[in-house]
Number of protein chains: 2
Amino acid sequence: MRLSNLADYAVVTMCAAARHCGSARVSAAELAEETGLPAPTVQKLVSLLSRAGLLRATRGSGGGLQLARPAAAITLADIVEAVEGPIALTSCVEQGRHDCALEGSCNVRPHWTIVNDALRGALANVPLTQLSSPFASSEVEKQVRERVSTSLDTNGVLL
Amino acid sequence: MRLSNLADYAVVTMCAAARHCGSARVSAAELAEETGLPAPTVQKLVSLLSRAGLLRATRGSGGGLQLARPAAAITLADIVEAVEGPIALTSCVEQGRHDCALEGSCNVRPHWTIVNDALRGALANVPLTQLSSPFASSEVEKQVRERVSTSLDTNGVLL
DNA sequence: GCCAAATCAGACTGTTTCGTTCCGAATTGC
DNA sequence: GCAATTCGGAACGAAACAGTCTGATTTGGC
């Protein structure tokens, strides 16, 4: 039920990378210094994020990192999935997995599907642009709360 | 991001226990046989669930288990918290924990609070009575979907 | 064309948590 | 008082995670 530390760090790292959108190239070492995270950890993170297609890495002298997509097109769900894999509270909601012996007759499974969709929807409705907004905490919270509630209302049944 | 197996098993176990609401006492061994889970695992689960106040255990010959509260008053959130502790995606949303060095100036934290509340709300809106309903899967899913969406609408901003 | 600097990418090790199993304490019924 | 049956807590083994390190690749300057 708890998110892994790497996923949490990945969000902070992406948030820092989004601030350097103007100056195209940022090194992993710079991101480490800004975020206060250990440099090797940031290196591992940018590796995962690059493989997932969220960051674009250019090698060589003067190289660095930049967002592969506009910050508005990157959500919390993207970052979490890049680090932890598909969002699946239980193994039975994961596509292609059929370990559970009960399967068809299980009454609990449909509920997990709903809850899982709710969670993923909540994550997918927080874009990276909002994460790096410089407002005060209380102000940001107010904005996010409005955004999530309206998105839930819009999506309706699907959540 | 994934739920622990024990939490998943706990839901199945509680679901099985709810069906024996009439016959007050059920042994852990019986529950293990019905659910197909290993008997020692079920023993550990009932221990956790009893300590959390969801099950009432009576010792001695002829003893057994029974729900401590009506099934309608037990939700997925109760069961998950009994096994895994407080629902907290990140350590910064957990009460009494202040490990993060950023703390006050963190822009990400308010977002985690919102997402965490959304998750907890989704879990708290699924009572045990609904988990043990004998309908077909598709029918159950339809009911749950309606229930969750209406609850979201009711809670409005809070979720 | 070559060298050197700087970068990312993958593999490795120690630690923590999870899952499972086992054995002991307690209580009831005969 | 005895025995059977039950729960409760402690211990073991396994898997995943977090963190660190070294190597492969590319660019820029000489």
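So you know, we letter chains A, B, ... as the sequences are listed, proteins then strands, and number each from 1. Side-chain atoms are counted along with the backbone in the values below, which use heavy atoms only and exclude waters and symmetry mates.
Legend: residues meeting side-chain contact (heavy atoms from CB on, under 4.5 Å) with B/Ala57, ordered by chain and number and at least two apart, are B/Ser50, B/Leu65. The side-chain contact (heavy atoms from CB on, under 4.5 Å) search around A/Pro86 returns A/Glu94, not counting sequence neighbours. Qualifying side-chain hydrogen bond (donor to acceptor under 3.5 Å, both in side chains) partners for B/Ser27, counting only residues two or more places apart in sequence or in other chains: B/Glu30. The side-chain hydrogen bond (donor to acceptor under 3.5 Å, both in side chains) search around A/Thr75 returns A/Asp78, not counting sequence neighbours. Here B/Leu48 pairs with B/Val83 under the side-chain contact (heavy atoms from CB on, under 4.5 Å) rule; sequence neighbours left out.
Counting 5' to 3', DNA chain D first comes under 4.0 angstrom of a heavy atom of chain A and last does so at the ends given by D/dA18 to D/dG28.
With 3.5 Å as the limit, one finds a donor-acceptor pair spanning the side chains of A/His20 and A/Glu34.
For residues 44-64 of chain B, there are no salt bridge (charged side-chain N to carboxylate O under 4.0 Å, His left out) pairs, not counting sequence neighbours. Within the structure, the salt bridge (charged side-chain N to carboxylate O under 4.0 Å, His left out) test picks out no pair touching residues 82-93 of chain B (sequence neighbours left out).
For the segment residues 44-60 of chain A, the set of residues with a heavy atom within less than 4.0 Å of an atom of DNA chain D comprises A/Lys44, A/Arg59, A/Gly60, in numerical order.
In terms of position along DNA chain D, the nucleotide closest to A/Ser4 lies nearer the 5' end than the nucleotide closest to the other residue of the pair A/Ser4 and A/Ser61.
Heavy atoms of B/Ala29 sit nowhere under 4.0 angstrom from any nucleic acid atom. Nucleic acid contact class of A/Pro38 (heavy atoms, under 4.0 Å, all strands): sugar-phosphate only.
Whole-Å rounding puts the A/Gln66 CD to C/dC8 C1' distance at 14 Å. We find that OH of B/Tyr9 is positioned 14 Å from C1' of C/dT21, with the value rounded to whole Å. Rounded to an integer number of Å, the gap from A/Asn5 CG to C/dT17 P is 10 Å.
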